[in-house]
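Heads up: the structure comes next, in structure tokens.
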Amino acid sequence: MNKVTLTIDGRSVTVPEGTTVLDAAERINITIPRLCHHPDLNPVSACRICVVEVKGDRLLRTACSWKVQEGMEVSTNSKVVRDSRKMAMELLLSRHPMRCTECVRNGSCELRACADQLGIREISFEYHQRQGGLDTSSPSIVRDPSKCILCRRCVQTCAMVQSVSALGMEGRGYEVWVDTPFAQGMADVPCVACGQCIDRCPVAALYENSHIDRVWRALDDPNLHVVVQTAPAVRVAVGEEFGLPAGALVTDKLVAGLRRLGFDKVFDTDFTADLTIMEEGHELLSRIKNGGKLPMLTSCSPGWINFIEHFFPTLLPHVSSCKSPQQMFGALAKTYYAEKHGIDPKALYVVSVMPCTAKKWESGRPEMTSSGFQDVDAVLTTRELATMMKQVGIDLPNLPEEEYDAPLGISTGAAVIFGATGGVMEAALRTVYEVVTKKPLENVDITAVRGLEGVREAEVDLDGVKVRAAVANGLANARKLMDKIVAGEADYHFIEIMACPGGCIGGGGQPIPTSAEIRKKRAEAIYKADRGLKIRKSHENPAIQQLYKEYLGEPNSHRAHELLHTHYTAK
Amino acid sequence: MPDLAKIHDIVKVYEKTPTPLIYILKDVQKEFGALTEPVLSEVARITQMPLSEIYGVATFYSLFTTQPKGKHVVRCCNNAPCHVRNSKEVLQKIKEYLQLEIGGTTADGLFTLEFTSCLGLCAVAPVMMVDNEVYGNLTPEKAVAILKDYKLKGSSNA
Ligand code: SF4
Ligand code: SF4
Ligand code: SF4
Ligand code: FES
């Protein structure tokens, strides 16, 4: 690639052709202030905070989109630049309610940080509220247009990353705004509740519907037995909320922290992830043997389920009937666990901690009541859990290490890798191989299905039985595979889909910010967790074996179907 | 309920046009009067484009409207030449008479009130348009008299 040499603030720098001024400046440790720019997305240059002076140009240029040229002379700190940035920021702030002390993004707000970076001390314009009221129609996602700064990240995320386009830019000029079409509300557009827009919103114009209050109420109620389950991806991310580096693996401290919050039992969604593998693996084998619908599609990502229900309803028969591990857990907690321990399921309250906003929506689906009650009562995101811990001064990094409770806290390495894209596929193959061949799998690291690329394919040879597999993460990538199935060009047996980029580690409920770099570190931590466990195949989980022996009989049994399987509805 | 089947034919006309959306919306609006929710949802379904994108275009151009308009559209000029010849009072009187703000439509569906920019008839300012008719040299009273006429005609046709 051709190199280009330019000077920035008098210092020479050489970068590949096509680099933006913003990235070139970064090379020589000049951090140009920015607001609408996001590394996952295309520059839209909406905020004009990043302006710089380019010698010979009459206009200031936006560094986030302006490409370097040979011999270019850039100034990032002249008076014109400083004044212009301040003006742009003051104009933005004049349309912002500035209620930071009562704001969910108080600690992670990019607008606040940027205003601080620019040294804003007063705003020369009068406050003028943006149009649009609070939208609380969705069980997962809240929109507060009064805080929107029109950076368009959500619009791009929803369109490009997820190929959903629930949100759009509307109107023009001074009164342009972001909304659902015809102000229909988030519950009435095809929003799949993935929360990727929340993750990229620089302010609190998008956030999760909080369950913190209801969880505190349950914990404060002496008549309730409150249990909690933690999804695999939470343990590799929650540390970030407490200042630990991305990818810090804090499983045992997380358990200790949850005990200190007052949960009666601390269980693990990994337990039902292992169970999912048993049910889904056997479902796959029976589909292959009995000529069922293939390829079979995984079902543990509720954002993905919303997506296929909205956009590819004709493909629903391909989706595995297995509930997500969260919902299997709820159903078993209020039946198996309650019976075993003589607890009245009415007095049992199930809380999930999830990297995911769509799980909030899922927990309220009418099908998710197979225990006779709502199986999962409340769903906290990783962020909400951190907020609760901070509320009561739990300092996660300095907690002792504690273990999950038995039996619903016992799990394997196959379960923890559910947190990264490709993990369900790998876990399933580990079990399917041994079930089919009745031989131990020599190398459990099936690296062919790992990685963070959007779509991956692999053919895995199970002692002569070839399984053709595909893995997609991010719904725009899922859409590509679905188009292939519709066109009759997909001869896979099994496809794993995760709605969020990178899988659950990049979920819409994870700490903000999440970037490609951070997703990579969290994924590495997931595989490290897997390697650190003695048992790494779901069917070898002793608690799962006991569950089948005592309660379910065998995989896909009648009782398993009642509690652990579900159906889907075209939307 | 409008006959949404017509949308299909309109979309078909532009099958080979590279970026057909604006043309489609123009024709659809002509057919249905406004780009309402059921109408645009049908456009989205047939073109396989996201509704949010179509709605974005429909709200971007001032020639498009997502709200059904009245039978008669009253456009008052608000540019400088009309302004100095008292267009403000004319507009005020019209607003009072129709009980409308700019952009609104009367409850009986007879009138929609809008601004227009200069019509090039400054010699006879202040000016208003009702549908395709231009009325100049207005006074507040004259403007109301004209609208009363439309109202009478409107109810006799009804
Ligand atoms: S979004 Fe940021 S600037 Fe706005 S109220 Fe919240 S913390 Fe303050
Ligand atoms: S939650 Fe996901 S689908 Fe819904 S608006 Fe946000 S990005 Fe789009
Ligand atoms: S809602 Fe958030 S992400 Fe979307 S445009 Fe507004 S500020 Fe940006
Ligand atoms: S960051 Fe460059 S215009 Fe917003």
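Lettering follows sequence order; numbering is per chain, from 1. A quick note: this is a predicted structure, and the numbers were derived from the prediction, not measured.
- The neighbour count for B/Lys93 NZ, taken as heavy atoms of other residues, nucleotides or ligands under 6.0 Å away, does not exceed 12.
- When the shell of 6.0 Å around OH of B/Tyr23 is examined, it contains 12 or fewer heavy atoms from other residues, nucleotides or ligands.
- At a 4.5 Å heavy-atom cutoff, A/Ala159 makes no contact with chain B through either its backbone or its side chain.
- Between A/Phe182 and B/Leu40, the shortest heavy-atom contact is CZ-CD1, 3.7 Å.
- At most 12 heavy atoms of other shown residues, nucleotides or ligands fall within 6.0 angstrom of atom CD in B/Glu89.
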Legend entry - side-chain contact (heavy atoms from CB on, under 4.5 Å) between B/Tyr55 and A/Thr180, intermediate numbers included: CA-CA 9 Å; B/Tyr55 186 72; A/Thr180 50; over 6 Å; no
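- Taking a 6.0 Å sphere around NZ of B/Lys26, one finds it holds 12 or fewer heavy atoms contributed by other residues, nucleotides or ligands.
- Within the model, atoms CD of A/Glu170 and CZ of B/Phe60 stand 13.0 Å from one another, a figure rounded to the nearest 0.5 Å.
- Residue B/Ser52 is tested with A/Pro190, A/Cys158, A/Pro181 for a side chain to side chain contact (heavy atoms under 4.5 Å, CB included); the sole match is A/Pro181.
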Inset, instruction - Please step through side-chain contact (heavy atoms from CB on, under 4.5 Å) for the pair B/Thr59 and A/Arg172, ending with a clear verdict. - result: CA-CA 8 Å; B/Thr59 53; A/Arg172 68 158 156 191; over 6 Å; no
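- For B/Lys88, the NZ atom counts as loosely surrounded, since its 6.0 Å shell holds 12 or fewer non-hydrogen atoms of other residues, nucleotides or ligands.
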